[in-house]
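The basis for the numbers below is simple: all heavy atoms, side chains too, and nothing from hydrogens, waters or symmetry mates. Only a predicted model underlies this, so the values are computations on that prediction, with no experimental measurement involved. Sequence lines set the chain letters: A, B, ... in the order given, protein chains first and strands last, and positions in each chain run from 1.
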There are 2 protein chains.
Amino acid sequence: MIYSIGELSKMTQCKIPTIRYYEGIGVLQKAMRSTGNQRQYSQAHCDRLHLICHSRALGFSLEEIKQLIELQGGQFNSGQKSHDIVQSHLTDIRNKITQLKKLERELLTIVEQCHQSQTSDCLCVSALK
Amino acid sequence: MIYSIGELSKMTQCKIPTIRYYEGIGVLQKAMRSTGNQRQYSQAHCDRLHLICHSRALGFSLEEIKQLIELQGGQFNSGQKSHDIVQSHLTDIRNKITQLKKLERELLTIVEQCHQSQTSDCLCVSALK
DNA sequence: CTTGAACCTCTAGTGACTAGAGCTTGTAGA
DNA sequence: TCTACAAGCTCTAGTCACTAGAGGTTCAAG
């Protein structure tokens with residue numbers, strides 16, 4: 001099967017300009033072209049794009065995704081390296097959660113102080129100082 | 001007291017180019033200038049910059065911070081509006097935490113599958129598909 | 001053969017900075 | 001007073017991951 005960019009876009013939920021962008025930076029393989037210069041995609045392109053979109057949704061950067069894909073192609077110790085990338089990403093996410101929970105507590109304090117002061121002027125902004 | 005940009009930078013932990021950038025986009029008041037065109041800051045600048053840095057650390061965008069500062073200066077119902085901005089930011093943060101926890105679970109699954117397969121080739125990348 | 005949807009390339013904009021070039025000013029010591 | 005050199009200045013361009021728009025071409029249906 002051969003797909004147009006519009007069909008690929010529908011199948012992957014990835015926007016058309018984004019697909020072209022991914023090709024431009026080399027994270028997605030170059031598409032074949034029709035006689036009229038329009039892009040043509042194979043199932044391999046579709047699989048790769050799914051992997052990219054899913055990884056992006058998991059918060060990986062395009063640079064990390066590129067590495068992951070390259071490592072997958074190689075043979076020497078690639079499993080360990082991929083594993084490290086995923087593991088360190090997991091650590092990042094956990095740190096972010098911790099950080100956000102701190103922010104949540106701080107903002108909650110601000111909002112609560114705000115409710116207590118019955119004046120029309122809330123002290124949110126002063127509290128931020 | 002009058003401060004140079006370097007002194008202000010040290011006091012606030014905000015990098016020099018960032019201070020100039022904040023002035024450029026109008027979130028920090030314009031600095032006075034010495035005869036030799038170098039920036040001079042007052043305590044008011046310092047207070048404002050502290051507010052900006054703290055708010056950024058809490059995850060507010062510069063646009064939100066701008067609004068917050070403008071509302072603080074105004075009088076009509078500004079308390080309510082500031083409050084709304086802070087409240088909606090709090091909601092955003094909670095959504096982000098939920099989202100990240102989902103990612104954490106998914107990545108954890110991937111890493112665990114990886115540990116179980118005893119082959120040298122880890123399946124992280126395939127798992128991402 | 002015509003119409004209109006889908007495609008093409010290229011440039012520029014987003015947010016929040018950061019880096020670098022190339023120049024000027026301020027300050028401390030001789 | 002002179003000399004270093006640290007610190008400051010402006011301006012442009014780059015980062016990431018797209019998105020928007022202009023202006024042109026190709027494809028498919030009627």
Practice prompt. Might you work through the side chain to side chain contact (heavy atoms under 4.5 Å, CB included) test for Arg33(B) and Arg39(B), ending with a clear yes or no?
Written response: CA-CA 5 Å; Arg33(B) 295 295 180 124; Arg39(B) 287 176 178 80; 3.2 Å; yes
Item to complete: Could you check Leu62(B) against Tyr21(B) for side chain to side chain contact (heavy atoms under 4.5 Å, CB included), going step by step and ending with a plain yes or no?
Response: CA-CA 11 Å; Leu62(B) 288 173; Tyr21(B) 171 72; 3.8 Å; yes
In the single-linkage hydrophobic clustering (I, L, V, M, F, W, Y; side-chain heavy atoms under 4.5 Å), do [X] and [Y] co-cluster?
| X | Y | answer |
| --- | --- | --- |
| Ile5(A) | Ile2(A) | no |
| Met11(A) | Ile19(A) | yes |
| Tyr22(A) | Met32(A) | no |

Worksheet item: Once you round it to whole Å, what is the distance between C1' of dA7(D) and OH of Tyr3(B)?
Response: 19 Å
Item to complete: Figure out the CD/P separation between Glu23(A) and dC10(C), and round it to whole Å.
Response: 12 Å
Worksheet entry | CG on Leu8(A) to CG on Leu49(A), rounded to 0.5 Å | 5.0 Å
Fill in: Gap between atom CG of Leu100(A) and atom CG of Leu107(A) - 0.5 Å precision
10.5 Å
Discussion item. Does Lys96(A) have more than 12 heavy atoms from other residues, nucleotides or ligands lying within 6.0 Å of its NZ?
Written reply: no
Are any protein N/O atoms closer than 3.5 Å to N/O atoms in nucleotides 3-5 of chain C? If there are, list each pair with its distance.
none

Worksheet entry | Under 4.0 Å protein heavy-atom contact, by nucleotide of nucleotides 8-30 of chain D - B base, S sugar-phosphate only | SSB------BBS------SS---
